[in-house]
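One structure is given below, encoded as structure tokens.
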Number of protein chains: 2
Amino acid sequence: MAKTSAIAIQIATGDARPIFRQIVDGIRKEIATGNLQSGAKLPSVRALALQLMINANTVAKAYGELTAQGLLESRKGLGIFVAEPKQMLSEEEQQLRLQEASERFVNDVMYLDFSPEHMTQYLLKQLLQLQQKDENKS
Amino acid sequence: MAKTSAIAIQIATGDARPIFRQIVDGIRKEIATGNLQSGAKLPSVRALALQLMINANTVAKAYGELTAQGLLESRKGLGIFVAEPKQMLSEEEQQLRLQEASERFVNDVMYLDFSPEHMTQYLLKQLLQLQQKDENKS
DNA sequence: ACTAGTGTACTATCTGTACTAGTACACTAG
DNA sequence: CTAGTGTACTAGTACAGATAGTACACTAGT
């Protein structure tokens, strides 16, 4: 029986995001940084609910969404596991996502007094750091 | 009496953002690109409501938020005007906003198969284009 | 003084979403 | 058979968003 991995996520009451989305985003990050490897077993719906002191249905909803995104695999009676990495999105869909994410970022920063170069350098640093964390775990 | 400027925004029913936020973001962009200049008069609450086919209270809420952000000035009995540009946020708050915006962007793109360099170059292009649009109007 | 147009603010109602609580069922390994 | 697992459903509550309606203060023009 695979050992359950601990996942380092928590719910912030001040966070504007709904609880289930904070779980989704937290697990996505743990996988992207390599803290959760393929095949790793996640805490059960009920266990994570207890750990985060929230309702099990909320956890189930988050796990359901991550499964739909292809990041997790669910096995009835066995548990939830990290799926093998596999690009689920077409090239076209990825381009669209990049475009939308860029629009949101531009919208967020358009009134800040930072140069475009400064902001994109800052972002590049974050992106490279994320990539590096993943490589250090593989 | 100042002539009312037309504002090129519309409400997308498929957009996940609430209607009032779409108005806020749309006007912010019009100002940032120079399409709306300081001193320009915006359509009244009732006029924009008719134009967008939404409730006047929804427009008032959007205008209220833009006024709070310092982008618009409201004059009772006269109308709503574009304010003189003025940075309302401290250096610290701006740094925090950049950090949060970056986190959201990273979260949005972490599973796309684009290199960090590619994505930040794409973003830089968008940011420079925005800046250029504003300069062309001044 | 009156009118039309303006912003602001309030109450009430409805809808959709998020979350919780509870329950039940199918699957699995021991 | 049991304990633990995921999945799915109903019901209830709370909140955010939007609408409809109304009222009041301000302003410029006549």
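Residue numbering restarts at 1 for every chain, and letters A, B, ... go by the order of the sequence lines. Side chains included, hydrogens not; waters and symmetry mates left out as well; all remaining heavy atoms used.
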Tell me whether the side-chain N/O atoms of A/Thr58 come closer than 4.0 Å to OP1 or OP2 in C/dA18.
no
Nearest heavy-atom approach of B/Ile7 to B/Gln51 is O-NE2, 3.5 Å
For B/Phe20, the ring pair (Phe, Tyr, Trp, His ring centres under 6.0 Å) test, sequence neighbours excluded, returns none
Residue set satisfying side-chain contact (heavy atoms from CB on, under 4.5 Å) with B/Thr33, at least two apart, ordered chain then number -> B/Lys29, B/Asn35, B/Leu130, B/Lys133
The remaining residues in the hydrophobic cluster of A/Leu128, counting side-chain heavy-atom contacts under 4.5 Å among Ile, Leu, Val, Met, Phe, Trp and Tyr, are A/Leu124
Rounded to the nearest 0.5 Å, the CD atom of A/Gln126 sits from the CD atom of A/Gln121 at a distance of 11.5 Å
With the side chain defined as heavy atoms from C-beta on, B/Leu78 is closest, among C/dG7, C/dA26, D/dT27, to D/dT27
Each base of DNA chain C marked ( ) or [ ] if paired in-strand (Watson-Crick or G-U under 3.5 Å), | if paired to another strand and . if unpaired gives ||||||||||||||||||||||||||||||
Here the distance between atom C1' of D/dT19 and atom CE of B/Met53, to the nearest Å, is 16 Å
Residue set satisfying side-chain contact (heavy atoms from CB on, under 4.5 Å) with A/Ala6, at least two apart, ordered chain then number -> none
Side-chain contact test, heavy atoms from C-beta onward, threshold under 4.5 Å: evaluate it for A/Ile23 versus A/Ile11 and give yes or no.
yes
Under a 4.0 Å heavy-atom cutoff, the residues of residues 43-50 of chain B touching DNA chain C are B/Ser44, B/Val45, B/Arg46
Ordered by number, residues from residues 59-69 of chain B within less than 4.0 Å of DNA chain C (heavy atoms) are none
Atom CG of B/Leu72 and atom P of C/dG7 are separated, to the nearest Å, by 11 Å
task = Verify the neighbour count for atom CD of B/Gln10: are there more than 12 heavy atoms of other residues, nucleotides or ligands below 6.0 Å?
result = no
So salt bridge (Lys or Arg N to Asp or Glu O under 4.0 Å) across residues 44-60 of chain A, not counting sequence neighbours, yields none
Assert: residue with more 5' nearest nucleotide on DNA chain D, out of B/Gly77 and A/Leu42, is A/Leu42
For nucleotides 10-14 of chain C, print each protein N/O atom paired with a nucleotide N/O atom at under 3.5 Å, atom names and distance only.
from   : atom 1 : to      : atom 2 : distance (Å)
C/dC10 : N4     : B/Asn57 : OD1    : 3.4

B/Glu73 atom CD is separated from C/dT6 atom C1', nearest whole Å, by 16 Å
dist A/Ile27:CD1 -> A/Leu42:CG (nearest 0.5 Å) comes out at 5.0 Å
Is there side-chain contact between B/Tyr63 and B/Leu72, with at least one heavy-atom pair below 4.5 Å?
-> yes
When rounded to whole Å, the CG to P distance for the pair B/Asp15 and D/dG17 reads 14 Å
When you measure from the side-chain N and O atoms of A/Asn55 to the phosphate of C/dA21, is any distance below 4.0 Å, counting only OP1 and OP2?
yes
Within residues 17-31 of chain A, the residues having a heavy atom closer than 4.0 Å to DNA chain C are A/Pro18, A/Ile19, A/Phe20
Sequence neighbours excluded, the answer for ring pair (Phe, Tyr, Trp, His ring centres under 6.0 Å) partners of B/Phe105 is A/Phe105
So the salt bridge (Lys or Arg N to Asp or Glu O under 4.0 Å) pairs with at least one residue in residues 86-96 of chain A (sequence neighbours excluded) are A/Glu93-A/Arg97
A/Ile80 atom CD1 is separated from C/dT28 atom P, nearest whole Å, by 14 Å
Discussion item. Taking the cut-offs as 6.0 angstrom to the six-membered ring centre and 45 degrees off its axis, would you call A/Arg28 and B/Tyr111 a cation-pi pair?
Written reply: no
Separation of C/dC27 atom P from A/Lys76 atom NZ, nearest Å, is 6 Å
Any side-chain heavy atom of A/Leu66 within less than 4.5 Å of one from A/Ile80?
no
Distance col, row B/Arg21:CZ vs B/Thr58:OG1, nearest 0.5 angstrom, shows 13.0 Å
